[in-house]
Amino acid sequence: MAISFLYILYLLFIFLACNIWDMDNSIVLKIFNLSFSFYVILKLIEIRKRHFFFINPIVLASLFMFLFSYGFPYLVAIKYQLIDNTVDASYLIKAMLYANVAFIVMWHSYFSLQMRKICIGFLRIVTCNGKLLSSSYNLKYNFLYFLFIIYLIVTLIQIKTGTYGYLSAFSDKDLGILSALFNAVSFIGSGVIFLLLLVPDLSRRKRIWLIVFFCLNLFFQILSGLKGNIIRAFLLLFIADYIKRSRLNYKLLCLSFVAIFFSYFIVESYRLVVRATEASPKSISEIVQLNVTGLRLASSVAEQPQEIPSYAFFLSRFSALSELANFVDYKENEHIIPNRDPDFMFRTLTIPFQVFIPQTIWKNKPKENLGSVWINQRVFGRDDNNSLAFGPVGFLYLVGGVASIILGFIFVAFFLKMAEILLFSNKIGGIIISFVLIALGYGMEASFNAYVVNLVRFLFIALLFQYIIIRKENNDYKSNSVLRSEEHTS
């Protein structure tokens with residue numbers, strides 16, 4: 001709390017000093033940006049001895065939602081002119097202030113005693129006081145293998161219909177409730193691998209199956225054209241090993257960073273070819289061919305003399321500060337007009353209905369295509385369908401300014417705290433659910449309503465998954481004291 005209090009005083013001093021001496025806005029922006037980056041890093045150092053630090057939900061959220069989205073990567077990207085630099089610096093400064101508000105609210109809500117009590121109370125209700133959380137590692141292996149086969153079949157169906165991964169943004173097919181079902185099954189495939197990785201002593205035969213499943217999953221995640229999917233495939237290895245050993249495996253950590261780095265080049269080259277050729281592949285071979293074409297183009301460009309280092313390209317993809325500044329500019333100057341712009345408040349207030357009512361019943365249910373339609377064409381004025389993200393703070397700002405950001409990030413802290421409690425529950429069922437929440441919650445690129453809807457849906461899907469897939473022992477049906485003792489242990 002002391003660091004945050006001093007940091008707020010520091011921001012106020014800088015703000016007043018800049019106004020008194022009439023400093024250039026570009027210099028002020030650099031000061032705010034570097035100060036924010038330093039503050040986030042200080043807060044992470046402050047909790048460095050916390051259990052499971054490297055996979056702790058608040059650590060991942062601080063890195064991916066804030067440090068990389070609104071911190072120093074922006075300055076790197078601007079130096080090499082890799083992102084939009086036309087927005088006025090005054091809006092960028094305001095965007096930095098909104099990012100500061102969001103981070104401070106999330107961080108201190110997460111560590112408040114009241115939030116812990118609320119989360120534990122909620123989890124007691126959802127898990128029937130812990131009775132639905134499985135603790136045994138006695139898995140139903142044949143059922144696990146069956147689920148993975150279902151995952152492969154569903155993936156092949158999505159490929160055949162042209163709705164797999166990145167291609168779904170360009171598809172005019174409306175699969176209705178099947179779309180949500182297919183997304184759930186895609187996570188079940190990752191869940192199967194994660195479970196097998198957690199088992200302490202797998203037989204040689206089961207280890208072979210695990211390797212086969214991992215390779216197949218990685219192959220299809222690469223074909224998806226989504227960076228998050230590729231990263232998640234390697235994140236499974238790192239998290240499972242970290243939980244089993246309770247210490248850091250530096251080889252797997254390096255492998256995870258390499259995966260993040262290369263996923264950017266694989267995905268971006270594939271997307272570039274899809275957009276340039278307006279291709280709609282509907283087979284594995286066609287998608288593979290597009291990936292190969294993209295990589296060839298990327299390698300031919302890489303062979304030419306480059307003034308821009310690869311790390312700059314990589315970091316620039318994380319930055320969301322320019323987008324947030326454009327939203328500030330748009331809202332202040334253009335204003336949000338109902339007949340022209342989305343009803344952001346409606347999308348937020350109807351989140352509970354969006355969770356449970358499918359598109360087939362609710363014909364006017366909000367669709368998650370704002371990135372390729374509204375942001376790109378209306379806010380940025382571009383005539384293409386390349387999808388752009390809201391960023392962690394952008395959507396909430398458009399809903400209702402600072403008030404929405406504060407309320408929204410209290411909810412974010414709520415889900416992150418639940419993930420931590422389940423991670424520390426010492427039950428495999430809790431760890432599975434925690435992994436799902438972490439995988440969904442370390443970033444928030446889409447709209448806030450989609451973020452919350454997915455978290456709620458997959459919370460219950462993961463709860464059902466771990467309950468079905470693990471054989472019950474007698475103590476699983478007893479009231480779980482772990483959720484009570486959590487109040488004193490973490």
Visitor: Looking only at side-chain N and O atoms, does Tyr7 offer a donor or acceptor that is under 3.5 Å from a partner on Asn100?
Guide: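 Looking only at side-chain atoms, Tyr7 and Asn100 do form a donor-acceptor pair, the distance falling under 3.5 Å.
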Visitor: Find out whether Glu332 and Tyr91 are in side-chain contact, i.e. whether some heavy atom of one side chain is under 4.5 Å from a heavy atom of the other.
Guide: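 Yes; the side chains approach each other to less than 4.5 Å.
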Visitor: Please examine the side chains of Tyr110 and Glu420, heavy atoms only from C-beta on, and report whether any two atoms are closer than 4.5 Å.
Guide: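 Yes, side chains in contact.
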Visitor: I want to check something: taking the side chain as every heavy atom from C-beta on, are Phe448 and Arg347 in contact at a cut-off of under 4.5 Å?
Guide: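 Contact flag for Phe448/Arg347 side chains = no.
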Visitor: Is Lys131 positioned over the aromatic face of Tyr467, cation under 6.0 angstrom from the ring centre and no more than 45 degrees off axis?
Guide: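 No cation-pi geometry.
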Visitor: Tell me yes or no: between the side chains of Tyr330 and Asp341, is some donor less than 3.5 Å from an acceptor?
Guide: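 Note: Tyr330 and Asp341 side chains meet the donor-acceptor criterion.
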Visitor: Would you mind reporting whether Ser62 and Phe103 have side-chain heavy atoms less than 4.5 Å apart?
Guide: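 Yes, close enough: below the 4.5 Å cut-off.
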Visitor: So, do Phe53 and Val59 sit near enough that their side-chain heavy atoms are less than 4.5 Å apart?
Guide: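 Side-chain contact under 4.5 Å: yes.
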Visitor: If you count every heavy atom of other residues, nucleotides or ligands that lies below 6.0 Å from Phe219 atom CZ, does the total exceed 12?
Guide: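 Counting other residues, nucleotides and ligands, CZ of Phe219 exceeds 12 neighbours.
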Visitor: Taking side-chain hydrogen bond (donor to acceptor under 3.5 Å, both in side chains) as the cut-off, I'd like each qualifying pair that reaches into residues 147-156, sequence neighbours left out, listed once.
Guide: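 Residue pairs with at least one partner in residues 147-156: Tyr151-Asn217.
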Visitor: Determine the sole option in Phe344, Phe327, Tyr98 for which the ring-ring contact (aromatic ring centres under 6.0 Å, His included) test with Tyr397 is passed.
Guide: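 Single ring-ring contact (aromatic ring centres under 6.0 Å, His included) partner of Tyr397 among Phe344, Phe327, Tyr98: Tyr98.
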Visitor: With sequence neighbours excluded, tell me which residues meet side chain to side chain donor-acceptor pair (under 3.5 Å) with Asp343.
Guide: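 Asp343 satisfies side chain to side chain donor-acceptor pair (under 3.5 Å) with no other residue.
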